[in-house]
Structures are given as structure tokens and as C-alpha cells.
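All of these numbers come straight from a predicted model, not from anything done at the bench.
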Amino acid sequence: MRGLLSLYRGLYTLSNRQARRKAGIVGSRCGLCGTQSNSKPQPSFGLLFDIDGVLVRGRMPIPAAKKAFEKLVDSQGQFVVPVVFVTNAGNCLRQTKADQLSHILGVPITQDQVIMSHSPLRMFKKFHDKCVLVSGQGPVLEIAKNLGFNNVVSIDMLRESYPLLDMVDHNRRPKLPSNPIITHSKIEAVILFGEPIRWETNLQLITDILLTDGNLNSGHQSQKTGHLPLLACNMDLMWMAEAHSPRFGHGTFLVCLENIYKKITGKDLKYEALMGKPSELTYHFAEYLIRSQAMQRQWKLPITTLYAIGDNLMTDIYGANLYNCYLEEKVARKNPKAMAKLVTATGSTTAVPREEEIDSLWESELAMPSATSCKSILVCTGVYNPKAEVPTDANDCIKETVFHGHRDFRFDPALVEPGHIVQDVAEAVDLIFRQEKFVPQ
């Protein structure tokens, strides 16, 4: 991360110019670059938008999304407040997602405004030169290499090397006996980007790797000393597409893997790290990008408030409220009180980086946020039932909710209580502007 701020400054002008062309925005300046006029109102807040269920449902834009973003961009195509899109999707590159958003919203979006669930993996440099197995869909090899991993093996590559291991689908079984064709090094870590297409194949081969310590030429071993490092992105149990009800997400796949591993070994599956919402790592990175935008625009006021808009109580709201707990502490992570509060909220230390990893993962400017609060806003256009009446007492209603969060995050009613509940993202933007007394020109 050393020198990352200066790198962003150098890349913003080019990347925003490209984004503006793709979005078809005409104006003398691009979305984030240029000198801010002193006559224009300067924001002291930033916005974190979830995507699925807030801006789109599947491939269909939510009508309120364009209305909301018309208020966030001025006549020159510039954002009037810093904006970051925080999605738990992990099946594409940041630039691809930025291009999709530019097309859907009709405003210029750059990759520097997008955080995928796998984005924090850039900080896990100790794994970048190890041989890692990646699971998910989309261009997983390209994604991994873009994140800094230099020796990557996909599930398909593993299956081709060991054709006798994937036996559930009879039609995919080899017709003739075959020997392994090994074209890669011994697997040293496993990275789960998102839900794969063939769950049975991925579950089988990932379990094999964990039970053989990365050596598929041997049989399953007793797990006396634990298993290979496992890093997982995107913990969403469900997500909202075009269907009337939520669909399985990567969190459901993790539930399957965790239970298979425990059934076979009698032990819990352990994660080196969990990324994506509600992990605090993701919000740290989002806050950093918000500050970077404000610096690029030469806004003088510090960004002291973040607003996180989402549709999922267990990821968007939980994550924003958890990060707010951290911000309110206003102490370093090495302080026992701050760490104790985070561990109490999550129920596990795997949801946050270990103390010795802090210095290597986050430089001082990244680990020292200017924000002092992160406020959560729940919309009714996604996972949260849009047909349900907005409760008069959100706390009483939510306390009865079945916890859909990840196993390593303990259910705490306070953390799934949104600061506000609104109908859609346009109402959320209106609410924020009123609360901040912000009138864009």
C-alpha cells in the first residue's frame, strides 16, 4: 500500500476520462477530477452503495437508481459527493463492474470507485507468491492475477490434472482409466471468490485439497495440525435477482463446505480471513477510497460521516454498524478495548485481521480514518421484503429475525438494526441530503 495515494492521484484523471466517454457524459470535466470551486457546497460525508437489490436486480436496473444518481452528479458530469460502490460480487474485475455501472446509471464510474468482495486480497501479500487454488466463476485466473497472485490454479485445471476425483456426474467420469497429469505446484492455500457453477465438483476438490494438505497424490489425512490457509470472499447467504424470492449466494456454498468438512473430520473449518461485507476490512478500504476522492477533488472539509445504503440486514446493515462501532472507539486496533469490542460483535477473531497483520495490510493513512461515524440505511427493493410494512419499532421486529450471517459472526440485534428504513435508493439520497443540509448546485 506504500505510495498508494500518489498512485491513485496519477491514475484518476485517465481512468475517469475513460469512464466519462463510456457513460456518454458530456462536460468540461470528468466525474472525480478537476479543481473544486469555492462557491460550490463541499461535502463532509461520503456514500457507500450496495449494488444488487439497491441499484439493480439481476440485469434489470431499479428505476429509483437513475433518479438518485441524477442528484449526485452535476451538469459537468462531476459527483457532488464522494461515492463508492461496495458489492459482495466477486465474479469479475473492478473495471468490468465499473463499466456495467456506468452503462446502467448513465454517469461516469471508475474502477477506483468500486470495491468487490475480493478487493482486500491485494493486501495479503504473503500469499501472492504461493501456489493458490481459486474457486468461483467468471475469469477467476485473471481476477487472481490482477490482485497480485502469481501462481494460480483453478478448479478446472485441478480436475483436468486429476480426472478420477470428480465422480458425481456420471457423464463427466473418464471413459478409460487415466493417470494424473500434474502441471502445477503443490497447492499452498485456497481462495474462494464466489459461488461456483458446479458445486459438487468444487466441494469435492476443495475438500480433497484441505484433507491432503494440498497433495492430491496422497489420500485423506487426519487433521491433527489443521488445514491449509483458506480465504473466503462474499458471505452473502442469499441475494436478490429478478426472481420474486432471494437466490442462493456464496454464503450458502460456504455453509455446505463447512458442514461437509466438519462431518468428515469432526472439526470446524477455519478461515485465514473472511472478506466482503460485513467484514471490517472491506469498510476500511471503502473509507480510504472515499478520502482519496475528496483529496482528488480538493475538498477542504474532512469526510467525517459515511452513509451505507443496502438491502440486506445481515451484510449491509451489520457491516456498516460493525464499522461504526470501530469508528466510535477512536482508538488503535492494538488497544485491547477496541479489539475486545470487535471480537464481541463478531464472535470470532477470523473476521478481522490479526494484530501482527495490521501494519503490513494497512498503511497509516489507510488505518487512520477521517470518518467518525458510519450510518446504515436499509432499502426495500432487494432482500429485505419490499411488501412488508415498514415497522414502527425496527428493533422489536429485527430481534425475531433468523440470523443469516456467517457462522463466524455472532448475531447481535443491535448490529442488524438499520439507522433508517426507506423505500428505495432515491429516498435514501433525499434523506441523506436533508440530514446533512446539503444542497448541490
Indicate yes or no: at least one non-hydrogen side-chain atom of [X] is less than 4.5 angstrom from one of [Y].
X    : Y    : result
L211 : Y261 : yes
V83  : Q113 : yes
P369 : Y326 : yes
Y384 : I421 : yes
F69  : L55  : yes
D236 : V383 : no
L274 : M235 : yes
C92  : M116 : yes

How close do [X] and [Y] get, counting heavy atoms only, and between which atoms?
X    : Y    : value
I206 : L133 : CG1-CD2, 4.4 Å
P418 : S376 : CA-OG, 3.5 Å
I303 : A294 : CG1-CB, 3.8 Å
L230 : K270 : CB-O, 3.8 Å
T315 : Y283 : O-OH, 3.7 Å
L231 : E272 : CG-CB, 4.0 Å

Using side-chain hydrogen bond (donor to acceptor under 3.5 Å, both in side chains) as the criterion, list what pairs up with [X], not counting sequence neighbours.
X    : value
E188 : none
E70  : none
N151 : none
E142 : none

Give a yes or no on whether the ring-centroid distance for Y271 and H406 is below 6.0 angstrom. yes
Mind checking whether F49 and F79 have ring centres under 6.0 Å apart? no
Would you check if the side chain of [X] reaches a backbone N or O of [Y] as a donor-acceptor pair within less than 3.5 Å?
X    : Y    : value
D74  : Q78  : yes
S102 : I109 : yes
R57  : A243 : yes
S44  : P302 : no
R122 : L147 : no

As a quick check of understanding, evaluate side chain to side chain contact (heavy atoms under 4.5 Å, CB included) for L281 and M123, giving each step before the final call. CA-CA 10 Å; L281 278 173; M123 311 306 144; over 6 Å; no
Output the distance between atom [atom1] ([X]) and atom [atom2] ([Y]), rounded to the nearest 0.5 Å.
X    : Y    : atom1 : atom2 : result
N324 : L306 : CG    : CG    : 9.0 Å
R94  : N146 : CZ    : CG    : 8.5 Å
Y323 : S279 : OH    : OG    : 11.5 Å
I51  : D311 : CD1   : CG    : 11.5 Å
E436 : R434 : CD    : CZ    : 12.5 Å
I317 : L322 : CD1   : CG    : 12.5 Å

Matching residue for L72 among V81, L105, I432, V107 - test: side-chain contact (heavy atoms from CB on, under 4.5 Å): V81
Side chain to side chain contact (heavy atoms under 4.5 Å, CB included) for C256 and L203? Distances and angles first, verdict last. CA-CA 8 Å; C256 296; L203 289 168; 4.1 Å; yes
How would you list, by chain and number, every residue that makes a side-chain contact (heavy atoms from CB on, under 4.5 Å) with [X], sequence neighbours excluded?
X    : result
D52  : V56, T87, W239
D424 : A64, T381, A426, E427
V84  : L48, V86, I115, A286, L289, I290, Q293
S117 : N88, C233, N234

Test: side-chain hydrogen bond (donor to acceptor under 3.5 Å, both in side chains). Region: residues 127-137. Which pairs qualify, not counting sequence neighbours? D129-N150, S135-N202
Sorted by chain and residue number, the ring-ring contact (aromatic ring centres under 6.0 Å, His included) partners of F433 (sequence neighbours excluded) come out as F438
Test side chain to side chain contact (heavy atoms under 4.5 Å, CB included) applied to L210 and L269, step by step: CA-CA 9 Å; L210 295 174; L269 189 68; 3.6 Å; yes
Step by step, work out the side chain to side chain contact (heavy atoms under 4.5 Å, CB included) result for I309 and D50. CA-CA 6 Å; I309 301 110; D50 180 35; over 6 Å; no
Show which side-chain atoms of residues 192-201 pair as donor or acceptor with protein atoms under 3.5 Å away, not counting sequence neighbours.
residue	atom	partner	partner atom	Å
E195	OE1	H250	N	3.2
R198	NH1	D169	OD2	3.3
R198	NH1	E200	OE2	3.3
W199	NE1	P196	O	2.9
T201	OG1	D166	OD1	3.1
T201	OG1	D166	OD2	3.0

Taking atom NZ as the centre, does K71 end up with more than 12 heavy-atom neighbours from other residues, nucleotides or ligands that are less than 6.0 angstrom away? yes
Sole candidate of H103, K97, Q95 that passes side-chain hydrogen bond (donor to acceptor under 3.5 Å, both in side chains) when paired with D99: Q95
Of all pairs that satisfy salt bridge (charged side-chain N to carboxylate O under 4.0 Å, His left out), the ones with a partner from residues 247-262, not counting sequence neighbours: K262-D268
